[in-house]
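Everything numeric here is computed off the predicted structure, so don't read it as measured data. In what follows, chains carry the letters A, B, and so on, assigned in the order in which the sequence lines appear, proteins first and then strands, with residues in each chain numbered from 1.
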Amino acid sequence: MQELITRAKALLESGEVQRVLGWKQGEHIYDPEPAFFDSAEALKDFVYNGFCGANLSKYMIEAAKLEGKTLVFLKPCDSYSFVQLMKEHRVDREKAHIIGVGCKGKLSVNKIDADGILDIQGAGYPDCADTLTVDTLYGQTTVSYKDAMLERCHVCKGKEHMVCDEQIGESADTADSDRFAQVAAIEAMSPEEKFAFFQSELSKCIRCNACRNVCPACSCRKCVFDSTKFDSTQKANTTSFEEKMFHIIRAFHVAGRCTDCGECSRVCPQGIPLHLFNRKFIKDINSLYGEYQAGVDAQAKAPLTSFTQEDAEPSIVAEGGLTHA
Amino acid sequence: MLKIKTADLPALYERIAQSQDLFLPVRSAGQTDFALWQKDAQVDLDTLKTVKSPKDVFFPQSETLYSCHREDGKLSVTPEELCDKPFVVFGMKACDVQGIAVLDKVFLSEPVDSYYAARRTHGTIVALACGRPETSCFCTVFGIDPAAPEGDVVTWMVDQWLYWDAKTDKGFALTDFLHDLFEPADESTVEQVKTAIRAIVKKLPYADLSLEGWGAQAADTRFDSPIWEQLYKPCLACGTCTFVCPTCQCYDIKDYDTGSGVQRYRCWDSCMYSDFTMMAHGNNRTSQMQRFRQRFMHKLAYFPANNDGVFSCVGCGRCVDKCPSHLNIVKVIKAFGKED
Amino acid sequence: MSKQSELIAEISGVNPLKCMKCGKCSASCPSFNEMDIKPHQFVSYIQRDDIEALTASKSLYKCLSCFACVERCPRGVKPGKLIDAARQLVLRQRGQEYLSPDEVPALLDEETPQQLLMSAFRKYRR
Amino acid sequence: MQKIGVFVCHCGSNIAATVDVKKVAKMALKEPGVCHAEDYPYMCSEAGQSRIAAAIAEKGLTGIVVCSCSPRMHEATFRKAAERCGLNPYMVEIANLREHCSWIHKDMEEATEKAVILMRAAVAKVHLNTPLQAGESAVTKRALVIGGGIAGIQTAIDIADAGYKVDIVEKTPSIGGRMSQLDKTFPTLDCSACILTPKMVEAAAHENITIHTYSEVEKVSGFVGNFTVDIRKKARMVDMTKCTGCGVCQEKCPSRKTANEFNRGLNTRSAIYTPFAQAIPNVPVIDTESCIKFKTGKCGVCAAVCQAGAIDYKQQDEIITETYGAIVVATGFDTIKLDKYGEYAYGQSKDVITSLELERIMNAAGPTKGHLERLSDGKAPKEIVFIQCVGSRCSDDRGKPYCSKICCMYTAKHAMLIRDKYPDVNVTVFYIDVRTPGKNFDEFYRRAVEDYGVNYVKGQVGKVAPQPDGSLLVQGVDLLDNKQILKKADMVVLATAIEPNPDARKIATMLTASIDTNNFLTEAHPKLRPVESPTAGVFLSGVCQGPKDIPETVAQAGAAAVKVIGLLAKDKLKTNPCTAQADELLCNGCSTCANVCPYGAITYEVRLVNDHGIREERRVASVNSALCQGCGACTVACPSGAMDLQGFSNRQIIAEVDAICR
Amino acid sequence: MPVNQNNEEFRPVIVAFCCNWCSYAGADLAGSSRLSYPADVKIIRVPCSCRVNPMFILRAFEKGADGVILCGCHPGDCHYSTGNYYARRRMTLLFSMLDFIGVENGRTRVEWVSAAEGVKFSETMNSFVAKIRSLGKNVRLGDLRCKN
């Protein structure tokens with residue numbers, strides 16, 4: 001972490017960058033917030049630990065409007081989002097100085113089953129422990145680092161940064177489960193079971209729009225659900241239809257653009273596994289149109305803006321051709 | 001003071017539900033929220049904080065106000081019927097009950113919101129003292145005692161028992177209705193529990209949060225502070241904090257075309273949204289900084305200014321737990337504290 | 001069409017109406033001269049429902065099932081399949097009156113090529 | 001709120017017999033905004049239109065719905081009627097009560113109920129219609145003809161004669177096409193070259209015609225009146241400006257083993273070659289695949305002998321970009337491959353040939369200098385069998401389902417010519433039907449039979465078996481005699497089916513012109529618009545549209561030319577106003593829409609935007625409405641809904657959906 | 001709610017989006033050839049199959065449609081050359097998602113119908129209506145407010 005601060009200070013002082021986009025120390029170890037630092041002095045609050053899960057790419061849209069360069073720290077998986085945003089002309093590569101920061105898996109405080117958490121040891125970076133020690137109001141407990149990791153880290157896309165000017169810190173590939181296992185398990189359900197599953201998950205949705213607003217792919221200036229263009233404006237779900245409509249359309253709009261960064265699931269206050277929608281599309285796209293990972297190549301043709309003459313017919317769905325693929 | 005074995009609570013729920021709707025914390029798909037009790041409901045009194053506050057029992061996320069129907073060129077308007085059946089909310093915490101008190105100030109002052117008033121009239125609140133306060137709790141900062149909530153009935157969970165103390169007429173009526181399920185209890189046990197809770201509360205990290213400088217005068221002194229520019233930056237402009245908050249009371253009114261008519265309904269709105277209070281001329285708060293400032297100034301300055309110093313934050317800490325950017329009212333209060 | 005013609009159409013999977021009377025089948029047929037009803041005429045019998053004449057004809061058994069007509073018919077009418085279907089009709093009417101496999105060896109002529117035997121099986125009993 | 005008038009047409013009894021038109025009109029009056037509704041026997045008639053006009057004037061209608069036949073039939077009629085009354089033509093919507101309702105339903109109640117819903121959907125849509133103005137686009141006064149055969153040449157000459165510039169793009173080194181390969185033409189037996197060559201020369205010499213031979217169309221963009229076409233001019237390796245056409249290079253070329261395409265591979269040619277003597281331009285090309293210089297680097301004979309110094313081994317393909325107002329497709333045909341017809345022994349015996357090969361054999365400039373001889377041994381044949389319908393009228397995958405149309409006549413011609421020149425040769429024709437509709441066609445065929453003694457046998461050939469003695473045993477059938485025929489022949493000629501040029505599909509795709517399952521280009525209307533493609537500005541000439549003989553081809557070529565002239569005569573074209581529009585306040589500038597636009601109509605610009613008081617520079621999409629054809633692909637690709645389509649807007653379609661589902 | 005098996009009484013609401021150049025003309029041809037199909041089908045004309053936004057399809061279901069079918073030009077024959085290829089990908093993914101969340105997959109369909117295929121148009125509509133009748137009312141995707 002000190003290395004990051006030193007480098008950031010140097011870049012700020014040399015005038016190379018005007019500001020630093022990173023994470024700021026919160027009240028506890030587990031609540032750092034994304035923050036802009038304008039001065040070397042401000043960097044005293046800079047923090048980088050296992051709880052810095054927030055993907056800073058989306059903040060670069062606003063940063064692109066500011067004078068001068070912004071130094072941004074991107075974890076390997078965040079860098080996919082930045083490339084995708086570059087592809088969509090939403091960020092300005094010229095105005096970004098990207099430090100690819102190492103990552104050994106990010107943690108979710110929600111996955112630590114303890115009341116009254118005061119402090120957590122072992123969540124630092126780069127020296128993270130296999131087992132986290134959790135001090136609470138009601139005593140001490142432990143949890144393994146792996147068990148406290150965000151869902152996305154279990155299907156880690158790897159240690160490589162897709163874009164950066166320099167790299168600081170080691171990364172670890174934390175993948176230990178099949179990215180599409182959950183999707184396949186749902187595909188194997190009967191229609192009734194599928195419906196019941198999503199009904200119970202989506203009925204929790206409070207339409208806070210956190211999933212949308214955190215999503216680097218949902219970078220529309222004005223979302224269709226906020227505009228009158230489709231007579232689709234909704235503030236709150238009134239019926240179960242609206243929950244589905246919102247999440248299907250949201251997933252559809254980011255299909256082929258979603259890098260599977262997992263921010264939607266991370267921020268959902270109701271713990272809805274929203275990544276399932278995106279991953280279903282990714283799985284279908286991979287099996288129908290060839291492996292495609294958004295955010296790898298800013299020049300690659302996106303699956304929904306390209307085609308081949310031999311593409312599968314939509315009837316493949318009714319024929320069950322996608323559920324066993 | 002009465003008590004009932006926790007193992008017998010299902011019988012109590014069933015009894016209540018025989019004659020009225022019962023809302024209580026129910027676990028579903030891994031999360032606990034207040035919901036209508038049904039036979040197979042997984043009641044969860046262990047989770048301290050439901051994701052959403054129980055305010056939607058009185059002020060639903062979305063409710064129809066009236067319906068219009070057109071036939072043969074004529075328009076008929078049918079107002080939605082007001083709540084006219086008694087119901088019980090079981091398991092509200094001290095902060096949540098205070099949240100309702102805040103909403104009362106808004107909806108029960110003139111002009112009275114008849115939809116809300118009808119529900120308040122018919123609802124009986126059974127409050128539950130907080131067994132294990134959480135790191136994010138800071139209700140005591142607002143003078144709330146989590147060991148002794150307000151409510152029509154106040155309850156405490158002690159070992160295998162639920163202690164039951166009716167406080168109001170509604171509370172006594174409910175207790176009478178259920179009387180055969182209870183046995184008499186000793187108040188001293190409850191007093192011990194209260195003491196224990198108060199001891200934990202003192203250890204909470206935000207227990208000594210200072211509200212100095214807030215209140216009515218902050219409207220003048222803190223509106224133009226440069227701190228806002230710094231604070232709002234990580235805000236994603238989502239509505240999580242607003243929708244989980246027990247006191248946020250803003251709503252939008254919209255029309256839904258059902259094909260055969262129009263339903264006019266209202267639904268929660270969030271001052272964090274870019275189209276909040278959007279009108280024909282545009283929006284009166286055009287930047288996210290302004291919207292962000294609005295939320296906290298409303299809770300900590302404007303509301304007390306208009307309500308005898310009562311803050312419209314109850315320190316439940318839900319926004320602290322749920323903000324995707326780990327941004328929250330505690331950080332805001334502290335940021336200004338440091339500045340002073 | 002009568003029941004029998006329909007049956008033939010069903011067994012053969014052939015639509016006799018597709019025939020354009022080009023004669024390619026008859027031109028291709030190695031047994032043409034031995035047949036009383038010529039391959040290109042099969043469809044006419046079926047179209048005019050004269051199945052009796054067809055099943056009584058010599059052609060039924062003169063067809064070698066070489067399938068040259070099936071291969072070459074430009075319209076997919078496949079007279080070889082039609083006549084095969086007619087044979088099947090006859091066999092069905094005749095019931096169980098056919099050789100059982102254990103009777104065959106006794107009737108075998110040393111000189112008979114194996115291939116002819118196979119096509120004979122195909123021809124007389126599917 | 002709009003003031004909407006609803007006009008329900010009886011269409012005589014076509015609609016009124018199954019739909020209660022009075023009820024539809026009555027129900028219309030209950031719809032919001034509808035202040036006038038009436039029914040009338042023929043809305044499209046003069047009287048019907050004047051009723052619409054009267055209602056517009058009296059009630060001050062701002063939008064109208066006509067419940068009638070398909071909009072594809074009379075939308076234009078009613079739009080014009082509205083326009084005459086001062087109502088914007090795009091304030092008219094049609095509810096299709098005939099094709100989509102009365103004609104397919106029998107039950108009156110059911111049909112009426114549906115008719116009311118269709119009317120409602122149209123009313124709901126028209127509420128959201130906005131007046132649209134057709135834009136104008138200039139017409140480039142130049143036409144492109146793809147293909148330099150008789151069809152292309154004729155079209156080009158006709159257009160050029162009317163005073164417009166025309167370019168011909170021909171793939172091979174010379175114009176002339178299939179017709180240049182023919183010997184004589186039916187039914188007059190005049191020499192093909194004698195009538196074609198003057199046309200070729202005329203085209204070459206025409207001041208308005210530019211010929212690009214040895215060239216191919218590479219890319220087409222744009223739209224009617226404004227096509228932009230990339231043409232690849234393949235490297236000839238011979239400088240057109242220097243070559244005198246003396247032919248010495250071809251004589252001296254040491255590589256002489258390449259199959260001669262012009263002679264259908266019946267003999268060989270040199271690596272530097274002109275396809276035939278009368279070629280235009282008379283400038284050879286080097287076939288780099290055969291040329292020793294290109295294969296080994298060691299040769300250069302042609303350059304050494306060329307006195308004009310025209311040989312240029314360093315020439316590269318060149319791409320030129322031209323703009324055109326109209327494009328004519330005249331890509332012609334080829335004969336099908338016969339590899340699936342093993343029974344005819346084509347490819348197995350040199351003496352089984354196609355009719356087109358016979359044309360070359362009969363031609364004085366052909367491989368046998370016009371002598372009828374067997375290609376196997378050079379002997380004169382005594383017995384020749386012609387087989388008709390080889391690959392034509394086949395419903396299987398070996399051949400083509402259609403009649404190739406020209407075979408009956410050219411076979412009669414061949415038979416007649418042979419009998420005329422070699423009376424001792426017996427000619428037998430196996431046929432299925434002899435089809436001779438055409439002026440003097442049947443007379444011509446009868447002459448072959450009656451005057452020249454050609455033996456016509458009704459029946460097909462099952463097998464052609466090459467015999468050890470070099471003869472061919474033809475096993476056929478005489479259906480009229482009900483006899484199988486075994487005939488020894490010295491030569492068998494196959495009337496091979498024709499198919500569209502294999503490049504037709506590629507070109508149709510480039511032009512977004514539609515094409516049928518047999519790769520013939522589709523006409524805009526089979527009866528009324530036979531020389532136009534459904535794609536505006538693209539016209540069809542010759543066999544690319546369907547099998548034709550020379551007179552028909554020339555006639556169609558002229559017809560296509562007239563259509564082109566009619567188009568080029570206009571200075572401006574009205575453009576479809578139903579184009580996409582980007583809302584700059586919603587646009588993210590993400591380029592997704594541009595990625596799916598087939599017309600390149602969407603560009604991006606950085607613009608100062610005032611978004612409810614926030615002024616900032618934004619990268620936003622901008623639609624060139626002259627290029628946009630209104631497909632709507634961008635509207636769905638756009639995640640924020642910034643892109644919308646005029647005339648078919650999101651809200652209009654949703655209004656229709658709502659009206660239908662309510 | 002029980003699933004209505006081949007319920008002849010049940011009159012489904014079916015929205016058919018037809019592209020202007022092929023399928024709408026195919027429907028016209030079905031009409032002029034008097035090839036009948038149930039009146040439950042209501043056609044909306046769109047310029048091209050690629051104009052159909054998934055929002056339109058969900059909207060139809062929201063407002064009470066029991067089935068939605070999209071008809072366009074055959075692949076390779078699009079008037080705009082590529083529109084139906086985009087539509088094909090979009091609809092495949094949308095249908096797959098609807099299937100994923102448990103909506104009966106027979107409720108949506110895409111068919112390519114050319115201007116010459118009046119017979120196919122009518123056959124397609126007949127079979128689609130039969131399918132929707134067998135599936136019964138759409139209860140999984142409707143908005144409850146539209147039912148009264």
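- Note: D:His100 leads D:Lys114, D:His100, D:Glu110, D:Glu99 in heavy-atom pairs under 4.5 Å with chain E.
- When atom types are taken as modelled, the side chain of E:Ser32 and the backbone of E:Asp28 share a donor-acceptor pair closer than 3.5 angstrom.
- Interface remark: D:Ile660 contributes backbone and side-chain atoms alike to the contact with chain E (heavy atom separation under 4.5 Å).
- Only the side chain of E:Tyr86 has a heavy atom closer than 4.5 Å to any heavy atom of chain D.
- In this structure, chain D has heavy atoms under 4.5 Å from both the backbone and the side chain of E:Arg45.
- With a 4.5 angstrom heavy-atom cutoff, D:Ser649 touches chain E only via backbone atoms.
- Interface remark: E:Phe17 contributes side-chain atoms only to the contact with chain D (heavy atom separation under 4.5 Å).
- Only the backbone of E:Val52 comes within less than 4.5 Å of a heavy atom of chain D; no side-chain atom from C-beta onward does.
- Note on ring orientation: taking the six-membered ring where Trp is involved, the planes of E:Phe121 and E:Tyr37 are perpendicular (angle over 60°, cut-offs 30° and 60°).
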* To do: Evaluate the side-chain contact (heavy atoms from CB on, under 4.5 Å) criterion for residues D:Val538 and D:Glu532: first the C-alpha distance (whole Å), next the side-chain angles of each, then the deciding distance (0.1 Å), finally the verdict.
  => CA-CA 6 Å; D:Val538 175; D:Glu532 293 155 84; over 6 Å; no
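- Using a 4.5 Å cut-off between heavy atoms, D:Ala637 contacts chain E through both its backbone and its side chain.
- For the residue pair E:Ser127 / E:Arg109, a side-chain donor-acceptor distance below 3.5 Å is found, with atom types taken as modelled.
- Neither the backbone nor the side chain of E:Ala87 comes within contact range of chain D; no heavy atoms are under 4.5 Å apart.
- In this structure, CZ in D:Phe539 is found 12.0 Å from CG in D:Leu511, a value given to the nearest 0.5 Å.
- Taking CG from E:Asn138 and CD1 from E:Ile132, the interatomic distance works out to 9.0 Å, rounded to the nearest 0.5 Å.
- Counted by atom type alone, D:Asn650 and E:Arg51 present one or more donor-acceptor pairs between their side chains at under 3.5 Å.
- Proximity to chain D (any heavy atom under 4.5 Å) is shown, for E:Val46, by both the backbone and the side chain.
- Listed by sequence position, D:Asn595, D:Val596, D:Pro598, D:Tyr599 are the residues of residues 595-602 of chain D in contact with chain E, using a 4.5 angstrom heavy-atom cutoff.
- The interface of residues 65-75 of chain D with chain E, defined by heavy-atom distances below 4.5 Å, comprises D:Ser70, D:Pro71, D:Arg72, D:Glu75.
- E:Trp112 and E:Asn84 share no donor-acceptor pair across their side chains, judged by distance under 3.5 Å alone.
- With a 4.5 Å cut-off on non-hydrogen atoms, D:Ala633 touches chain E through its backbone and its side chain both.
- At a cut-off of 3.5 Å, with distance as the only test, no side-chain donor of D:His127 or D:Gln652 sits close to an acceptor on the other residue.
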